[in-house]
Amino acid sequence: MEYLIGIQGPDFVLVAADNVAASSIIQMKHDYDKMFKLSEKILLLCVGEAGDTVQFAEYIQKNVQLYKMRNGYELSPAAAANFTRKNLADYLRSRTPYHVNLLLAGYDDTDGPGLYYMDYLSSLAKAPFAAHGYGLNKRFILNLPSFTVRLIDKEGIHDLEKLTLGTK
Amino acid sequence: MALQDICNFQSVFEDSLTTEYPAVPHGKKIASNYVSGLPFSNNKSLFHFYIPVAEYLDESPIQFGQISTVQNCSADSSEDPFLTSSTLPTCLPFASSQSVPLPFPMAHGTTTLAFMFQGGVLAAADTRSSCSGLVACPASQKILPIHSHLVGLTSGTSADCALWKRILARELRLYQLRHGRRLSTSGAAKLLSHMLHPFKGTELCVAATLCGWDGGETGPGSRGETTKNQMTDLFYVCSDGTRLRGMLFSVGSGSPYAYSILDQGVHWGLTVDEAKSIAREAVYRATYRDAYSGNCVDMYHITSKGWTRRNREDLKEEYYREKERRKHEKTERRDVTFSD
C-alpha cells in the first residue's frame, strides 16, 4: 500500500511519499524514491500499478523538459498539471490506460505555490492539501517504514530529513 | 476458429487475389505478401519478414492471451511454456482491458538471488524447471550470461526468459557496434523494460535480474549514487514494468526463504568466500522448503575481470550431510544427558 501526501503553505509546498517498492507481499526495496523532478520547481509524485508509474512519470518528465528546450522557458505548475491530466485522459479510453495516482506540487513565480491532485480516472483538482493511500500508522495492518520528504519554495526543491516512523 | 481470426489465415486464402486488404495494419507491405498467397514468400524484398507477433500487437491485447478474470486459465499456467499455447484459443477473455493480477502472485517456480558486496556481484540460482506440478528438467540453466560483464538471472516462463535474453544480447551487441562502447547495466535494464512494455497485460512472464560490471568503456556514466566507487550494478526488471536498482534481490517462489537468510547475513564487507557460502546456504534453504526449487545450485561471480562460474553443485549431498549432522547431534545430546 503506497502513500503520498502534500500540504500547501503560504509560500511553500511540502510533500512526502513512502519508500517502499513492493512486489505482491515482498518489499523489494525500502529506499525507493517516488518523486520525479519535472523542473526546478515542480515535483510529480506517482503511485499505482508497477510499470505504469515509471513509464508515465518519465514520459511527462521528458515532455516538460522538451518544452523548456524548445521554447526557452519552463512550464508553470498549472500548465504541467493540465498537460498531465490531458495525457491521462487520452490514454484512459485506449487499449493501454495508465493506472496511476498523482500529486503534482510546484511553485510558480507569479502565482505562488500550488498542489494538484490527479487520479487514474484523470480528474484534476487544485487543493490546499491532498493525499493518496492510507497513512495510518498504528492502526493499519502494514506499517510503512520510512518517508522521503521534500519542500518546494521560491528557491527550488529542498530535501528534508527522511522520516522513519517505526511502530510508535 | 478463434486462432484463424488472430492469425488472419482465413483472409489470406480468400483475398489472395485482391490487393486491397481492409484490416492490414502495415498497408502495402503486407498486402504484397498476401497477393502471392503465402505469407512466407517475400520475393519483393529481403527485408519484409512475416513476423506474426507484430500484427498481434496492433490488435488489442485482449485477443492475445490476456490474463483474464477466468481463474482456471491462468492459475497454473505460469510455469509451463507448453500449456500456455494450448490455452490461448479457449480463454479469449472479454473482460476489462485492464490487466488483472494473477491469483497466485508468487508463481515463478524458482529461486534466484543476487547481491552486491565489496568483491563484486554474486548471483546464485537453483536448477529445477517445473511444469504444473512435475519437474520438467532437473538441470536447467537459470543464469544466462549476456556478455562478458553482464549476467542475467531468469524467473518466470522459461521459454520467454530464454527468448528475451537472446533479444537483449542482440540489442546490446548492436548498440556496442553502433556506438563503440558497451551499454551500462542501467541502460540494458531500461532497454529490456521498454522492450517488454508493449506486452504488458499479456501472459508474457519474465522477471529478470541483471548483474553487471560497467567498465571504463561505457563512457561518462550519469550515475547519481556511486556505489562506493564500484562499477557493479544490479537491476530487477519484470514484465509488468517494474525496474528497480538495488543491492540485494531475490526472485521466485523460493525467494521468501532466501530473503530470510540473506537479510541477516549480507553486508558490504563480506569476503568472497563468505559471500559464496551465504548464497549457497540461501538457495539450499529455499530448495529445502519450496517444492518448485531444487536439484542443484549455480553460482556466478562478476568482477571487473568479467564473470566466473562455479561448478554446479548438487544440493542432495548437502541435504544428506545435514541429516547426518543432525543425527550426530542428537546422539551426542543423548549421551550428554545420560552421563549427567
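Throughout, protein chains are lettered first and strands after them, A, B, ... in sequence-line order, and every chain is numbered starting at 1. Note: hydrogens, waters and symmetry copies are ignored here, and every other heavy atom, side chains too, is used.
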To the nearest 0.5 Å, how far apart are CZ in B/R243 and CD in A/E58? 7.0 Å

By salt bridge (Lys or Arg N to Asp or Glu O under 4.0 Å), which residues pair with B/R285, not counting sequence neighbours?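 With sequence neighbours excluded, B/R285 shows a salt bridge (Lys or Arg N to Asp or Glu O under 4.0 Å) to B/E281, B/E322, given in chain and number order.
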
Residue list, salt bridge (Lys or Arg N to Asp or Glu O under 4.0 Å) with B/D290, at least two apart or on another chain: none

Report the option among B/T242, B/L244, B/V251 that has the most heavy-atom pairs separated by less than 4.5 Å from atoms of chain A.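 The residue among B/T242, B/L244, B/V251 with the greatest pair count is B/L244.
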
So what's closer than 4.5 Å to chain A heavy atoms on B/S250: side chain, backbone, both or neither? backbone

For A/A89, what residues pass the side chain to side chain contact (heavy atoms under 4.5 Å, CB included) criterion, not counting sequence neighbours? A/R85, A/S122

Residues of residues 28-43 of chain A near chain B, each having a heavy atom less than 4.5 Å away: A/M28, A/K29, A/Y32

Atom NZ of residue position A/K86 - does it have more than 12 heavy atoms of other residues, nucleotides or ligands inside 6.0 Å?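 Check fails, neighbour count at 12 or below.
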
Would you indicate whether A/K154, at its atom NZ, is surrounded by more than 12 heavy atoms from other residues, nucleotides or ligands within a distance under 6.0 Å?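 Open: at most 12 neighbouring heavy atoms sit under 6.0 Å from NZ of A/K154.
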
Decide, yes or no, whether a salt bridge links A/E49 with B/K200 under the criterion of side-chain N to carboxylate O below 4.0 Å. yes

